[in-house]
Amino acid sequence: MKVTLPDGTELQLEEGATGGDAALAIGEGLARAALAVSVNGELRDLARPLPDGAQLSIITGKSPEALELIRHDTAHVLAAAVMELWPGVKISIGPAIENGFYYDFDFPEDAEVSDADFERIETKMREHVKAKESFTRQDISVQEAIEKFKTENQDYKVELIEDLITNEGAETVSLYTNGPFTDLCRGPHATDTGKIKAFKLTSIAGAYWRGDAKRQMLTRIYGTAFLSKEDLAEHLHMIEEAKKRDHRRLGKQLDLFHFSEISPGSPFWHPNGMKIWNSLHELWTEQNARRGYNRVKTPILLDVDLWKISGHWDKYRDNMYFTDIEDRPMGIKPMNCPAHIQIYKSERRSYRDLPIRYSEDGLVHRHEPSGTLHGLMRVRHITQDDAHIFCTEEQIQDEVIQCLRFGFYIYEIFGFEPKLELSTRPEQRVGDDATWDRAEAALENALQAEGLEYELNPGDGAFYGPKIDLHMKDSLGRSWQLGTVQLDFSMPERFELAYTGDDNDEHRPVMIHRALFGSFERFIGILIEHYGGEFPLWLAPVQAKIIPVSDLFNDYADQVAQTLVDAGLRPDVDARTESVGKKIREAELSKAPVMLVVGAEERDAGTVSVRRRHNAGDDDAKLTIGELVDVLSAEVAERRRPDAG
RNA sequence: GCCGGGAUAGCUCAGCUGGUAGAGCAACCGCCUUGUAAGCGGUAGGUCAGGGGUUCGAGUCCCCUUCCCGGCUCCA
C-alpha cells in the first residue's frame with residue numbers, strides 16, 4: 001500500500017502498516033518523536049493500521065496539535081490517579097481545553113476534595129507518567145460497553161453511550177486503557193504516558209453535569225500540560241504577568257474605584273476612575289450627537305404595570321428589584337427600553353419621523369446572582385451606553401449596518417478586535433416564530449452585507465429578539481460581551497407602537513436596541529486590562545505629573561499646572577518635600593503618561609523638562625509651556641493610541 | 001444560585017501542630033532643599049470580616065452569616 005506525505009512524496013508500506021510503521025520508515029528519530037498521526041486530516045493513534053492511499057502527516061511535539069493531544073492524555077492520567085485515591089469515584093468527561101484540560105468527577109458523599117489534595121494526586125500521576133504506560137485502544141459494541149460501565153457503576157459513562165446511540169446511531173465505541181485505567185474515549189492518544197513531560201493541576205471547581213444547573217454538580221479538576229518543563233514554567237509566568245493587569249488589582253493600585261460589602265456588585269468610583277469615565281462619556285456624547293442620536297433621560301423607578309406589558313414581569317422578574325411607593329408597586333428598571341418607548345408614544349409619529357434614535361447613558365439595576373459578580377465586568381449597578389432606534393422594516397438592515405459601523409469606529413480607537421456572535425431565539429421568549437424568523441434573517445443579512453465573520457450562538461438571544469454581540473477577552477482570556485445590537489418586533493407589538501405611513505394607514509415600527517460599550521463599567525474594566533493601567537493621554541486620570549525639584553519651585557509648578565488646566569488638561573503637582581528620584585518613581589508607578597520636571601533652569605526660561613512614561617530622563621525634551629500645551633492638546637484631541645508614537 | 005477556597009494595620013503580606021499579633025510601604029513628626037525609579041531618624045496605627053461554640057486559654061479548632069477569589073449555571 002501507499003501513503004502520501006505532506007511534501008507530496010509517496011511512501012510504500014506493507015499491508016496493514018500503522019502510523020508508527022510509517023514514521024519508522026521515514027526515520028528513526030521521527031519515530032521516537034512521533035505522538036500521533038494525521039490521516040486525511042483526522043488525528044489518529046500511531047498504533048492504528050493506515051488505510052491505503054491516505055494523506056499522512058506525523059504529529060510530533062512541534063505540531064500545533066501536539067499540546068491538545070498531550071493534555072487529553074494527561075486528563076486520562078488524572079482520572080487514573082483519582083480513581084486509585086478515591087475508590088468508588090464516578091468519572092464523567094475530561095477533554096483538553098484552551099491552555100490545559102479538566103476532568104469532571106462525582107466523588108463519594110463523604111469525600112472532601114480540595115486543592116490541598118493536588119500534591120498527592122500529582123504524585124500518583126507522576127508514577128503513571130514515569131511508568132510510560134501505553135495507551136491502547138479497543139473497539140467494542142455499545143451493548144458490551146454499557147454492560148461494562150454498568151457493572152462498574154459508572155452511570156455517567158452509560159448515559160454518554162446511550163446518547164451516542166440515539167444521537168449518532170453508534171454501534172461501537174472505543175475504549176482507551178492506560179495502566180489500570182480504562183475510559184470511554186474517541187481518542188486519539190499518544191503512544192504512552194511517558195510523552196507527558198510537564199504537567200500541573202491548577203484549580204478545582206464545581207461544574208454541572210452536562211452544563212445543566214438542574215443536574216448533579218460534579219467536581220472539576222483543572223490542570224495544564226506541556227511538552228517541556230520550560231514551556232510549563234513560561235506558561236505559569238505568563239499567568240502571573242496577566243494577573244498584574246487584572247482591573248480589580250489595578251483599580252485599587254491606581255485609586256480608580258472600590259467595592260464594598262455595603263453594596264455588593266456596585267463600584268464606588270473614585271476621582272481618578274471618574275476621569276476615565278468622563279473622557280469616555282465625552283466620546284459617547286460627541287459620537288452619538290454626530291450620528292443622529294437624540295439624547296434622553298428616563299426614570300429609574302417605573303410602575304409594575306409597565307413591566308407587565310413589556311414582558312419583563314414574566315420573563316425577567318427574578319433579575320429585578322421591586323419596591324412599593326405609597327402602596328403602589330414599582331420596579332427598578334433593568335433595561336431602558338420601556339422608558340424610551342414612553343417617549344416614542346408621547347405623540348403621534350409619521351413615517352417622515354423615522355428612524356427615531358434615542359440614546360441614554362441609562363442606569364439600570366439587575367439582580368445578578370451573587371456567585372457571578374466579577375469586579376467591573378459583572379455588576380448589579382449598570383450604566384449602559386444605551387440607544388433605541390424606532391424604524392420601519394425596510395430601514396432595518398441599513399440601521400443595523402450603521403450600528404455595526406459605529407461600533408467598529410469606537411473599537412478602532414482602542415485597537416480592539418472584537419469577536420462577533422449572532423445569538424438566536426432562546427427558550428424563554430415572547431413573539432411568534434414567524435417574527436423570529438424575520439428578525440434573525442435581518443441580522444444575518446446585515447452581517448453578510450458587511451462581510452463580517454461571526455459565530456452562531458443558538459438560543460442565546462434576548463427574550464424579545466435576536467442579537468449581534470461584540471465580545472472581548474480580559475487579561476486572563478475570559479470573554480465578555482460588550483456591544484450588542486438587538487432586533488425587536490415584540491416590544492412595539494406589546495406597547496402598540498404605531499406610525500402613520502404614506503398610505504395614511506397605521507403601521508407598526510420595529511425597534512433596535514443597541515449598546516456599543518455595553519456598559520461603562522464593563523468597558524472600563526476591559527480598558528484597564530487592555531492597557532494594563534497605562535492609559536493613552538486622552539484617558540489618563542492624571543495626564544501630567546508636575547515635579548518641582550525642590551519646594552522652592554512649587555509656585556512655578558502651580559503656574560504650569562494652571563496653564564494646563566486652562567487648556568482643558570489634567571495635571572497634578574507633586575509638591576511634597578521629597579527627592580526628585582522618589583517623585584519620579586511614584587509618578588511612574590502611578591502610570592502617569594507625562595512627567596514634567598521643573599527647577600531653576602525651567603522657571604527662568606519659562607519651560608518644562610518633559611519625561612514620557614518609561615523613558616529615562618537623559619533625552620528629555622525642553623518645551624516652553626505654550627509648546628507643551630500644543631503637543632498635549634493635539635494628542636488628546638485625536639485620542640492618539642499609545643502605540644501610534 | 002451551585003461547588004471549592006479565602007478574609008490579619010490604609011496597601012502588600014508573615015504569624016508551625018491553640019499560649020493573647022509582626023514586617024515593608026503609606027500616614028504623622030523632625031532633619032535634609034533635593035535634577036529623572038525609593039535620603040535619614042522617630043511616632044502612631046489592629047473588636048485578626050461579623051456572630052456563636054469548644055477550651056484554663058482561640059487569629060489559629062468547630063458552626064452560622066456576610067463579602068471576596070476560582071469555576072459552573074446565568075448575563076452588558
Side-chain angles (χ1 to χ4, degrees), chain A residues 102 104 107 112-117 202-222 243 246 248-249 252-253 255 258-265 316 318-319 334-335 362 364 366-380 382-386 423 426 460 462 467 469-471 476 478 480-484 486 513 515-523 525-526 547-554 576-589 595-602 609-611 614-620:
Chain A
Y102 67 77
D104 284 351
F107 283 94
E112 281 179 36
V113 185
S114 77
D115 57 8
D117 297 300
T202 49
S203 67
I204 184 164
Y208 297 108
W209 168 234
R210 293 277 163 111
D212 185 343
K214 291 190 266 309
R215 301 270 241 144
Q216 175 74 30
M217 164 112 3
L218 306 174
T219 303
R220 176 172 296 179
I221 297 178
Y222 285 91
K243 283 182 183 163
D246 189 311
R248 293 165 297 188
R249 179 173 172 152
K252 204 181 274 184
Q253 232 171 65
D255 195 19
H258 84 269
F259 286 89
S260 161
E261 290 193 21
I262 295 302
S263 183
Y316 207 74
D318 290 349
N319 286 300
M335 298 183 193
V364 299
R366 297 182 184 173
H367 175 237
E368 303 292 344
S370 55
T372 66
L373 300 178
H374 187 101
L376 294 178
M377 304 300 193
R378 189 82 183 270
V379 293
R380 287 180 174 156
I382 311 168
T383 314
Q384 297 181 309
D385 64 321
D386 210 356
S423 299
D460 214 30
K467 54 182 191 161
D469 293 328
L470 305 170
H471 289 252
L476 283 166
R478 291 172 288 226
W480 298 95
Q481 183 187 317
L482 300 180
T484 182
Q486 313 181 344
H513 310 238
L516 300 176
F517 298 146
S519 71
F520 280 82
E521 288 84 0
R522 182 176 288 180
F523 198 82
I526 290 286
I547 300 172
V549 299
S550 90
D551 50 19
L552 297 175
F553 309 103
N554 285 355
R576 296 173 305 164
T577 311
E578 291 288 356
S579 68
V580 172
K582 180 160 182 164
K583 291 199 240 186
I584 291 280
R585 175 181 158 80
E586 289 185 7
E588 285 284 357
L589 291 175
M595 280 145 270
L596 305 171
V597 179
V598 295
E601 195 186 322
E602 289 80 5
S609 183
V610 185
R611 172 187 165 117
H614 299 315
N615 280 6
D618 300 347
D619 54 353
D620 278 4

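Letters A, B, ... mirror the listed sequences (proteins, then strands); counts begin at 1.
- Counting non-hydrogen atoms under 4.0 angstrom, A:Glu578 reaches a base of the nucleic acid.
- Taking the ring centroids of A:Phe520 and A:Phe517, they lie under the 6.0 Å cut-off.
- Comparing the P positions of B:rU8 and B:rG51 gives a spacing of 16 Å, expressed to the nearest Å.
- Here A:Gly581 lies in heavy-atom contact (under 4.0 Å) with sugar-phosphate atoms only.
- Comparing A:Glu586 and A:Glu112 along RNA chain B, the residue whose closest nucleotide (by nearest heavy atom) sits nearer the 5' end is A:Glu112.
- Contact annotation: the side chain of A:Asp104 never approaches that of A:Thr219 to less than 4.5 Å [non-hydrogen atoms, C-beta and beyond].
- Within the 3.5 Å criterion, the main-chain N or O of A:Ala462 finds no donor-acceptor partner in the side chain of A:Gln486.
- Here the P atom of nucleotide B:rU36 and the CD atom of A:Glu601 are 12 Å apart, to the nearest Å.
- Donor-acceptor pairing under 3.5 Å, judged by distance alone, is present between the side chain of A:Ser609 and the base of B:rU36.
- Atom pair A:Leu218:CG and B:rC2:P shows a separation of 17 Å (rounding to whole Å applied).
- The gap from the P atom of B:rG24 to that of B:rU43 amounts to 12 Å, rounded to the nearest Å.
- By the 4.5 Å heavy-atom criterion applied to side chains, A:Gln384 and A:Arg522 are not counted as neighbours.
- If you check every strand for non-hydrogen atoms under 4.0 Å, A:Val549 touches a base.
- Side-chain N/O atoms of A:Lys582 include one lying less than 4.0 angstrom from OP1 or OP2 on B:rA26.
- Here the separation of B:rU65 from B:rA27, taken at their C1' atoms, is 34 Å to the nearest Å.
- For the pair A:Asp115 and A:Ser579, nearest-nucleotide mapping onto RNA chain B gives the more 5' position to A:Asp115.
- Annotation: side chain to side chain donor-acceptor pair (under 3.5 Å) contacts of A:Lys583 (sequence neighbours excluded): none.
- A:His614 has its NE2 atom 15 Å from the C1' atom of B:rU36, to the nearest Å.
- Counting to the nearest Å, the P atom of B:rC3 and the CG atom of A:Asp117 are 18 Å from each other.
- Figure legend: cation-pi geometry between A:Arg215 and A:Tyr208 absent, as NZ or CZ is not positioned both under 6.0 Å from the six-membered ring centre and within 45° of its axis.
- Going from atom CZ of A:Arg576 over to atom C1' of B:rU33 covers 15 Å, rounded to whole Å.
- Comparing the C1' positions of B:rG59 and B:rG18 gives a spacing of 10 Å, expressed to the nearest Å.
- Rounded to whole Å, the distance from CZ on A:Arg585 to C1' on B:rU34 is 18 Å.
- Within the 4.0 angstrom heavy-atom criterion, base atoms lie near A:Ala600.
- Using atom P as the reference point in both B:rC63 and B:rC3, the two lie 15 Å apart (nearest Å).
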Watson-Crick and G-U pairing of RNA chain B written in dot-bracket, each distance under 3.5 angstrom, with | for inter-strand partners:
(((((((..((((.....[..)))).(((((.......))))).....(((((..]....))))))))))))....

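- Counting to the nearest Å, the P atom of B:rG5 and the CD1 atom of A:Ile221 are 13 Å from each other.
- Taking the P atom of each, B:rC74 and B:rU66 are spaced 24 Å apart, rounded to whole Å.
- Using a 4.0 Å cut-off between a side-chain N of Lys or Arg and a carboxylate O of Asp or Glu, A:Arg210 and A:Asp212 do not qualify as a salt bridge.
- Side-chain N/O atoms of A:Lys252 include none lying less than 4.0 angstrom from OP1 or OP2 on B:rG10.
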Any chance you could list the contact pattern along nucleotides 63-76 of chain B? Use B for base contacts, S for sugar-phosphate-only contacts and - for none, protein heavy atoms under 4.0 Å, 5' to 3'.
---SSSSBBBBBBB

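- Using a 4.0 Å heavy-atom criterion, one finds that A:Gln216 contacts no nucleic acid atom at all.
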